[in-house]
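Since the structure comes first, as structure tokens, the remarks are kept for the end.
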Amino acid sequence: MAEFSLDTSFIPALHKPSALLPIAKYRDNLLYVIESYPVTIVIGQTGSGKTTQIPQFLEKAGWCANGKIIGVTQVRFSLFPRGILYADDNPQPRRVAATTVALRVADEVGCEVGKEVGYSIRFEDVTSSATRVKFLTDGLLIREALVDPLLSRYSVIMVDEAHERSISTDVLLGLLKKIRKKRPDLRIIVSSATLQAEAFMNFFTTTSEEQTSPVSGDEIAKIVNLEGRTYPIDTLYLETPAENYLRKAIDTVFDIHTQEGEGDILVFLTGREEIDYAVQTVSERVGQEADQFAGLQPLPLYAGLSSEEQMYVFDKPPEEKRKVIFSTNIAEASVTIDGIVYVIDCGFVKLRAYNPKTGIETLTATPISKASASQRAGRAGRTKPGKCFRLYTEQGYQSLPEANPPEIQRSNLAPIILQLKALGIDNVVRFDYLSPPPSELMCKALELLYSLAALDDYAKLTRPLGFRMAELAVEPMMAKTILSAQSFDCLSEILTIAAMTSLGGSVWFYHDGDQKAMEISRRKFAAEEGDHLTLLNAYTAFITKGKKAAHFCHENHLNYKSMTRAVSIRAQLKRYLERFKIEVKESLASNRLEEDVKNKAERIRRCLTSGYFAHAARMQPDGTFRNVEGGTVMHAHPSSLMFNRKADWVIFHEVMETGEKTFIRDITKIEKRWLLEAAPEFYKVSDARA
DNA sequence: TTCGTGCAG
């Protein structure tokens with residue numbers, strides 16, 4: 001039973017958003033501003049129609065004359081996190097794709113996708129010579145700048161959802177600011193939430209460097225506010241802070257179910273563990289108190305679920321049932337579910353940060369920003385008026401930051417520095433960032449790139465290694481590994497390992513209680529040398545299964561969606577290498593002498609060491625790991641084969657601190673002398689420090 | 001004995 005009733009534990013907020021209007025009436029004003037100002041900042045909520053309507057307005061107004069095109073960058077393309085569009089387990093992938101923006105706009109324009117309206121994402125370019133409006137990811141547009149530095153094909157570039165401040169959005173905005181100086185004809189549209197619009201305005205109207213002809217900021221950029229079409233949302237706060245937000249969230253679900261009208265519930269929690277617990281607790285209580293709580297259908301939603309499991313949240317609940325979806329931040333912006341009337345917001349999100357001193361990433365639950373809080377609340381008002389229950393006090397809300405620090409200020413910058421250098425921006429420190437990253441992050445990244453020999457003594461990109469590393473779509477350490485693989489005669493295997501590790505740990509999956517079975521399955525592929533070779537074995541087995549692959553995955557607790565993605569990534573990496581004139585000799589693992597296999601395994605491990613020497617560690621007598629400097633105590637992640645096994649020196653793909661502990665993942669045994677061979681200078685410096 | 005979410009012609 002709930003400890004508090006709704007009426008006493010929540011107090012309503014004073015302000016309600018008013019009902020909002022459609023975009024059409026702003027058309028003429030928008031076109032006028034875009035014509036008159038190089039940069040237009042558009043404020044518009046989800047549902048305002050900005051993404052679908054503005055490109056059409058522009059096209060009709062003649063912005064595609066002389067073969068120019070309109071580019072619209074998108075943070076996401078479908079209803080689902082990426083992958084489902086391609087997964088063969090979905091019988092009608094195109095139907096899901098039909099929800100993408102490009103398809104919607106093509107439909108409105110009355111053309112086929114890929115003709116006048118097209119889109120381009122990794123692995124899928126649906127554009128043609130007829131394309132005038134092109135939706136693409138911001139990362140891809142940055143890559144286009146490698147070939148066409150002034151992005152001269154575009155008359156207008158619209159950066160959608162810029163307020164989300166992903167690293168690639170930030171870099172793209174910096175590039176566009178630079179390009180604008182050389183291309184006065186280019187029009188830039190930045191779509192943003194209200195809170196961040198000023199910051200974008202300031203960014204485009206101030207100059208960081210000396211400028212020849214001083215221009216007033218007023219002539220460069222203008223903000224246009226489009227009111228969106230949403231329904232009013234009542235926001236309610238706790239009177240006193242919750243001691244345990246998870247329990248409070250569950251109680252609130254039951255309160256809503258018994259006291260409020262129809263409509264599904266969306267609950268924001270921070271991670272899988274909390275979500276599984278909440279789903280289980282609610283279903284147990286529904287079972288026990290069937291009379292009162294019958295008709296509640298709890299569902300989990302997080303990225304680690306298989307596509308079938310994610311599908312359930314979109315299904316209509318059975319008659320007389322109320323869906324309650326317990327979700328991570330994935331439902332804040334990436335996934336939109338219709339029919340949500342009630343939102344419960346725990347007030348926390350897990351955020352990644354990167355410590356340049358240790359090179360260790362952390363993942364910790366952090367209070368959300370006001371911007372996030374309003375985004376979460378907005379999920380309730382998409383189909384009719386809704387309510388948002390915030391599991392914190394109004395005072396707590398007031399103390400939240402306006403926005404969380406942008407990604408570029410809390411990430412490993414090595415990949416982005418490599419790209420900037422490849423774009424000809426050698427002075428990466430003085431690049432015009434929307435939010436400059438801390439200098440420690442810059443230094444750490446430059447050091448790493450130097451030790452990988454991607455940069456020379458003058459911090460210039462090396463040829464061909466550095467340029468090739470920038471072009472490969474994997475992180476620098478893996479790029480180096482791939483480009484060394486030919487000399488270790490294991491390129492085919494390294495390509496597979498690169499594709500598998502870039503899946504980020506979603507290879508094996510299991511449901512609660514299924515874990516033992518998963519581990520038994522995994523043992524079939526296990527290699528004594530560690531996780532990388534185990535991943536190689538799993539992939540090799542997978543690709544020989546042909547039409548039975550899906551069945552094979554199901555039997556072996558492998559994530560089919562991830563495996564098919566690995567196949568695509570590997571093919572793409574191979575195409576890059578072929579462009580570099582590096583031949584990939586495909587070797588099949590069957591019919592090998594045991595000695596050959598051992599020999600190859602050693603070459604693979606040596607090759608991995610050539611890229612991952614900075615991620616080396618030694619096992620201590622107590623079974624934990626220390627890096628070369630001996631500082632941080634690290635544990636093998638329970639998902640690793642090296643968990644509870646003996647080893648001496650190892651290299652690992654990733655290190656992450658969560659809660660109290662620091663874990664390393666994707667671990668392979670190596671010999672200490674290989675480290676000295678791979679990076680003599682790196683280890684000389686480290687020894688001196690120690 | 002465990003991990004927010006994306007993305008790369």
Side-chain angles (χ1 to χ4, degrees), chain A residues 73-78 80-83 119-127 134 136-148 161 164-169 171-172 268-276 301-304 327-335 346 348-353 361-366 368 372 404 407 410-411 415-416 418-419 422 470-475 478-479 499 502 504-506 508-510 512 515-516 518-519 565 568-569 572-573 575-576 579 623 635-640 642-644 654-666:
Chain A
T73 72
Q74 293 290 288
V75 182
R76 62 193 79 82
F77 268 84
S78 76
F80 285 88
R82 291 179 45 69
Y119 68 91
S120 189
I121 55 180
R122 191 182 191 181
F123 308 129
E124 204 173 346
D125 182 12
V126 189
T127 62
K134 177 173 171 182
L136 75 175
T137 55
D138 42 17
L140 210 51
L141 190 57
I142 293 173
R143 292 200 153 243
E144 283 191 10
L146 282 172
V147 185
D148 175 10
E161 315 283 349
E164 288 186 21
R165 304 292 308 273
S166 72
I167 290 186
S168 48
T169 303
V171 169
L172 179 61
F268 285 100
L269 296 172
T270 68
R272 176 182 177 157
E273 200 183 347
E274 286 174 4
I275 290 168
D276 287 344
L301 178 62
Y302 44 83
S327 173
T328 60
N329 222 32
I330 191 171
E332 185 177 306
S334 303
V335 171
C346 78
F348 287 88
V349 64
K350 278 191 182 166
L351 274 192
R352 193 174 57 178
E361 286 195 315
T362 56
L363 188 62
T364 33
T366 318
I368 58 169
S372 273
N404 288 117
E407 222 178 12
R410 50 184 170 90
S411 304
I416 212 68
L418 212 47
Q419 267 198 332
E471 216 167 312
L472 280 174
V474 290
E475 5 126 57
M478 187 54 88
S502 72
S506 57
W508 275 278
F509 77 94
Y510 57 91
D512 328 322
Q515 196 176 347
K516 277 264 151 54
M518 183 279 283
E519 275 174 23
R565 187 164 165 79
S568 302
I569 295 172
Q572 191 186 38
L573 292 173
R575 283 198 297 275
Y576 279 116
R579 203 187 304 159
H635 301 259
H637 193 275
S639 69
S640 169
M642 285 298 143
F643 182 74
N644 275 345
E654 201 174 48
V655 51
M656 183 169 272
E657 183 192 320
T658 55
E660 308 274 279
K661 279 187 174 171
T662 301
F663 292 101
I664 54 177
R665 206 181 66 185
D666 291 339

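For clarity, every value in this text was computed on a predicted model and none was experimentally measured. So that the names make sense, note that chain A is the first sequence line, chain B the second, and so on, each numbered from 1.
The residue A:E273 sits apart from the nucleic acid: no heavy atom pair falls under 4.0 Å. Across all strands, A:R575 comes closer than 4.0 Å to no nucleic acid atom at all (heavy-atom distances). Within the nucleic acid shown, A:L351 has no heavy atom closer than 4.0 Å to any nucleic acid atom. As judged by a 4.0 angstrom heavy-atom cut-off over every strand, A:S639 is placed among the base-contacting residues. Across all strands, A:Y576 comes closer than 4.0 Å only to sugar-phosphate atoms, never to a base (heavy-atom distances). A:S168 comes within 4.0 angstrom of nothing in the nucleic acid, heavy atoms only.
Under the side-chain hydrogen bond (donor to acceptor under 3.5 Å, both in side chains) criterion, A:E273 pairs with no residue, sequence neighbours left out. Taking A:E654 as the reference, A:R665 meet the side-chain hydrogen bond (donor to acceptor under 3.5 Å, both in side chains) condition, with sequence neighbours excluded.
Listed nucleotides B:dT1, B:dG9, B:dT5 differ in distance to A:Y302; the shortest reach to its side chain belongs to B:dT5. Listed candidates were B:dG4, B:dT2, B:dT5. Nearest to the side chain of A:F663 is B:dT2. Of the candidate nucleotides B:dT5, B:dT1, B:dG9, B:dG9 has the atom lying nearest to any side-chain atom of A:L140. Side-chain proximity of A:T137 to B:dG9, B:dC7, B:dT1: nearest is B:dC7.
For A:R143 and B:dG9, a side-chain-to-base donor-acceptor distance below 3.5 Å is absent, hydrogens and geometry of angles not being considered.
Residue A:R352 is the one, among A:V474 and A:R352, whose nearest nucleotide of DNA chain B lies closer to the 5' end (criterion: closest heavy atom). Both A:V349 and A:D138 sit near DNA chain B, but only A:V349 has its closest nucleotide nearer the 5' end.
A salt bridge does not link A:E471 to A:R143: none of the charged nitrogens lies less than 4.0 Å from a carboxylate oxygen. Classification of A:E274 and A:K350 as a salt-bridged pair fails, no side-chain N sitting under 4.0 Å from a carboxylate O.
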